Protein chains: 2
Amino acid sequence: MSASPSPFRSAKQREADRQAKKQALLEAAVRMFNTRGYHATSLDDVAASLGVSKPTIYHYLGNKENVLSECLRIGLKQLLQAASDARATSGNAAQRLHRFLVGYAKVNLSEFGRCVIRTPDEALGAENLESLLTLKRRVHAAMCDFLKEGMSDGSIAPCDANLMAFTLAGALNWPARWYDPDAGHDPYKTVDAMVENLATGFLPR
Amino acid sequence: MSASPSPFRSAKQREADRQAKKQALLEAAVRMFNTRGYHATSLDDVAASLGVSKPTIYHYLGNKENVLSECLRIGLKQLLQAASDARATSGNAAQRLHRFLVGYAKVNLSEFGRCVIRTPDEALGAENLESLLTLKRRVHAAMCDFLKEGMSDGSIAPCDANLMAFTLAGALNWPARWYDPDAGHDPYKTVDAMVENLATGFLPR
DNA sequence: AATGCTATATACTCACCAGTAAAACAACAA
DNA sequence: TTGTTGTTTTACTGGTGAGTATATAGCATT
């Protein structure tokens, strides 16, 4: 864990350095994409925010659209992870869905998750779009599966799973547009209350 | 109602012409904003889609951001209209809220409504943003009012009205991102089912 | 030392696009 | 007719930003 005593880094360490730099570039980029929007963000500015120059970004990431698509891939992977984490928990399907929704909402408040929500499909070229849509569909399918399973075990009310999944996802995506992480609210509480609203509806029971 | 027999139009008719042209420009612009995104849309292209040239747009609308803000204002006015339409109907607050939500969702599937949802705040300059945020807040407040009224008359379950309003709005905003009007589905049915999902929740009753 | 590979910078090109200037044109008014 | 006002075009300016050519410095391998 401590720094290597030798100033000569091994091949492994150099590769780790490279990955760390790439990651730092993606994090700087995603933050700027989220605050200014993809088109309004210049790679010059992203580079400057880390004290390097634009060609460095091209060295690590090829081109602007690829920077974006890497960010989106990270966010979507996190969403899929939230699904499999929830799937592995105990209880009935409604309880597992509940845990997934909370995890889903939290990812959507992180930088990479917000980027997934805020970036419209048209920002991407056809090739990237296709593979990213596949990931998005996988997330949607995961949510549908929780719902269908719950309809089987009776823990979820009968409904059109596809439409319900869009309803739930839409509600939990929206904070990516209005939630201000610096405003002092506890995101955990907010998310939990939203999921509760979705679970029980606005009509009295 | 018929065309005037004289080729000489009155001042009133000329003013109406002017408004019709302005409206046509806004409609062409909003369609392109929705399909390509604001930044990726050039006013040259918008003009060309109507067979005119860019300075014509500047003649009627001043500048690009103003084109956008006029579109947003139209969409937001439609949302406020949906609120006051629903407010004027009979029944308990939950029923009026239900009607508002359906109207709200429908507006969000129209071009101007979609533009409201799809346009992130950062696309606007400070002056425009402020007045548009006021309108957005008014829509949100209207939704909160329905909820509070319903909690008073017992037709809506006790909840944090503010958060519930964001939950409902988020769910009904999202179709502006995924709904394909050309895909043959009946928007009325879709919207109705979504509102039903929100009313009763995903847990069995 | 020589050679090459990785990382980074400077300084450019090129395209696109918001916005404007100036003129042409159209409709009406005197 | 001539002037006036409103509409629209052609042809431009200026800025911005993606992407690249090229140079350089450092480390690595022989």
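What you are looking at is a predicted structure, and each value in this text was computed from that prediction instead of being measured.
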[X] [atom1] to [N] [atom2]: how many Å, rounded?
X	N	atom1	atom2	answer
B:D17	D:dT7	CG	P	9 Å
A:R36	D:dT16	CZ	C1'	13 Å
A:K64	C:dA15	NZ	P	19 Å
B:E65	C:dG19	CD	C1'	14 Å
B:L25	D:dT8	CG	C1'	12 Å
A:M32	D:dA18	CE	P	12 Å
B:Y38	C:dC17	OH	P	13 Å
A:R18	D:dA28	CZ	P	16 Å

_salt bridge (Lys or Arg N to Asp or Glu O under 4.0 Å) between B:E27 and B:K22, worked out_ = CA-CA 9 Å; B:E27 275 162 22; B:K22 189 168 160 179; over 6 Å; no
*Examine distances only and state if a side-chain atom of B:K148 and a backbone atom of B:M143 form a donor-acceptor pair shorter than 3.5 Å.*
no
*Spatial distance of atom CD (A:Q81) from atom CG (A:D85) [nearest 0.5 Å]*: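 A:Q81 CD to A:D85 CG: 4.5 Å, rounded to 0.5 Å.
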*Any chance the side chains of A:D180 and A:H185 put a donor and an acceptor closer than 3.5 Å?*
no
*Are OP1 or OP2 of C:dT6 and a side-chain N or O of A:K21 less than 4.0 angstrom apart?*
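Result: no.
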*Respond yes when some side-chain nitrogen or oxygen of A:Y60 is under 4.0 Å from OP1 or OP2 of C:dT8, and no when none is.*
yes
Extract all donor-acceptor atom pairs below 3.5 Å that involve side chains of residues 95-104 of chain B and protein atoms in other chains or at least two apart in sequence.
unit_1, atom_1, unit_2, atom_2, d
B:Q95, OE1, B:N92, N, 2.8
B:R96, NH1, B:G91, O, 2.5
B:R96, NH2, B:E149, OE2, 2.3
B:R99, NH1, B:T89, OG1, 2.6
B:R99, NH1, B:S90, O, 2.7
B:R99, NH2, B:S90, O, 3.2
B:Y104, OH, B:N173, OD1, 2.8

*So which of B:Y179, B:W174, B:W178 actually passes ring-ring contact (aromatic ring centres under 6.0 Å, His included) with A:F166?*
B:W178
*Going by number, which of residues 40-59 of chain A have a non-hydrogen atom under 4.0 Å from DNA chain D?*
A:T41, A:S42, A:L43, A:K54, A:P55, A:Y58
